[in-house]
Amino acid sequence: MISPEDLMRMAIDKCREGLRRGQSPFGCAIAVGDRVIAKEHNTVVLTTDITAHAEVNAIRAANRQIKDIFLENAIVATTCEPCPMCMAALHWARVDTVFYGATIADADAAGFNELQFPAAELLKQGGSRVKLIPGTLADDCKQLFHEWLADPSHKVY
């Protein structure tokens with residue numbers, strides 16, 4: 001089985017690819033066992049689709065890869081704590097565990113328009129079985145916001 005840290009490194013690499021393309025600093029990777037089935041970054045600006053978050057893009061790619069709407073037994077590494085939309089989508093996709101690095105507070109501090117509703121609280125109130133593990137390579141994930149902010153051409157969302 002791929003380690004959460006190795007999967008997160010893939011999400012970070014994918015995020016940096018997105019940054020090079022002018023996208024915002026979010027990346028996500030999904031694996032089942034040793035098989036990585038998706039690595040995506042945020043494409044909101046590129047696609048003019050406000051729902052094109054890294055997690056949603058990765059879920060869509062993973063679903064196409066395995067030809068199923070459910071991602072049971074999948075582990076997810078996402079560079080930032082999932083927003084309510086993404087956390088709900090991960091729940092509906094029936095992933096097993098979500099590992100994240102940076103927090104909603106980190107995204108908010110970088111200028112993003114975040115809903116101040118923690119992913120853990122959404123899972124608890126919704127009765128979800130998805131396991132949520134914070135702090136995976138957190139410093140590396142927070143660094144992505146610094147890299148994004150250092151680029152004078154970035155836009156705040």
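Residue numbers run from 1 in the order of the sequence given. Fair warning: this is a prediction, and the values are worked out from it, not measured in the lab.
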key: Any Thr43 side-chain heavy atom under 4.5 Å of Asp49 side chain   = no

inquiry  = Has Gln23 got a side-chain atom pairing as donor or acceptor with Leu46's backbone, closer than 3.5 angstrom?
reply    = yes

message = Check this for me, if you would: do Arg9 and Glu5 make a salt bridge, where the nitrogen-to-carboxylate-oxygen distance has to be below 4.0 angstrom?
response = no

query = Rounded to the nearest 0.5 Å, how far apart are CE of Met8 and SG of Cys28?
reply = 8.5 Å

ask   = Run the side chain to side chain contact (heavy atoms under 4.5 Å, CB included) check on Ile37 and Leu71 step by step: do they pass?
value = CA-CA 10 Å; Ile37 58 174; Leu71 302 173; 4.1 Å; yes

ask   = Any side-chain heavy atom of Leu19 sitting closer than 4.5 Å to one from Asp151?
value = no

ask   = Is Val98 reachable from Val32 through a run of I, L, V, M, F, W or Y residues, each pair having side-chain heavy atoms under 4.5 Å apart?
value = yes

query = What distance separates Cys80 SG from Lys142 NZ, expressed to the nearest 0.5 Å?
reply = 10.5 Å

inquiry  = Let me confirm one number: the OG1-CD distance from Thr79 to Gln143, rounded to the nearest 0.5 Å.
reply    = 12.5 Å

ask   = Shortest non-hydrogen contact from Glu114 to Gln116?
value = O-NE2, 3.4 Å

key: Test item: Ile12 and Cys141 side chains (from C-beta on) under 4.5 Å apart, heavy atoms   = yes

ask   = Asp13: what forms a salt bridge (Lys or Arg N to Asp or Glu O under 4.0 Å) with it, not counting sequence neighbours?
value = none

ask   = Below 4.5 Å, heavy atoms only, C-beta onward: do Ser24 and Val45 meet side chain to side chain?
value = no

Among Thr51, Val56, Thr78, side-chain contact (heavy atoms from CB on, under 4.5 Å) partner for Cys86 = Val56

request  = Identify the heavy atoms of Ile50 and Met85 that sit nearest to each other, and give their distance.
outcome  = O-CE, 4.4 Å

query = How many angstroms lie between NZ in Lys131 and CZ in Arg129, if you round to the nearest 0.5 Å?
reply = 10.5 Å

message = Is there a path of hydrophobic side-chain contacts, each under 4.5 Å between heavy atoms, that joins Ile30 and Ile66?
response = yes

query = Any side-chain heavy-atom pair from Pro134 and Glu81 closer than 4.5 angstrom?
reply = no

query = Applying ring pair (Phe, Tyr, Trp, His ring centres under 6.0 Å), which residue pairs with at least one partner in residues 20-52 are found, sequence neighbours left out?
reply = Phe26-Phe112, Phe26-Phe145

ask   = Does the side chain of Asn57 come within less than 4.5 Å of Asn42's, by heavy atoms?
value = no

task = To the nearest 0.5 Å, tell me how far Leu132 CG sits from His91 NE2.
result = 13.5 Å

ask   = Any idea which heavy atoms bring Ala38 and Ala61 closest together, and the distance?
value = CB-CB, 4.0 Å

message = Please say yes or no: joined through hydrophobic side-chain contacts below 4.5 Å, possibly via intermediate residues, are Leu115 and Leu122 part of one cluster?
response = no

inquiry  = I'd like to know if the side chain of Asn63 reaches the main chain of Ile69, judged simply by a donor and an acceptor atom lying under 3.5 Å from each other, with no hydrogens or angles considered.
reply    = yes

query = Under 6.0 Å from the NZ atom of Lys14, do we count more than 12 heavy atoms belonging to anything else shown?
reply = yes

ask   = What's the shortest heavy-atom distance between Ala29 and Met10, and which atoms?
value = CB-CB, 4.2 Å

task = Verify, without hydrogens or angle tests, whether Asp34 (side chain) and Ile2 (backbone) share a donor-acceptor contact under 3.5 angstrom.
result = yes

query = Can you get from Met87 to Phe99 by hopping between Ile, Leu, Val, Met, Phe, Trp and Tyr side chains that sit under 4.5 Å apart?
reply = no

ask   = Taking all atoms of both residues into account, what is the closest heavy-atom pair of Ala119 and Pro82, and its distance?
value = CB-O, 3.7 Å

key: Side-chain heavy atoms of Pro4 within contact of Ile133, under 4.5 Å   = no

request  = Give the cluster check for Leu90 versus Val130: same hydrophobic cluster or not, with ILVMFWY residues linked at side-chain heavy-atom distances below 4.5 Å.
outcome  = yes

note = To the nearest 0.5 Å, atom CG of Asp139 lies from atom CG of Leu144 at 11.5 Å

query = What are the two closest heavy atoms between Thr103 and Tyr100, and how far apart are they?
reply = CG2-CE1, 4.3 Å

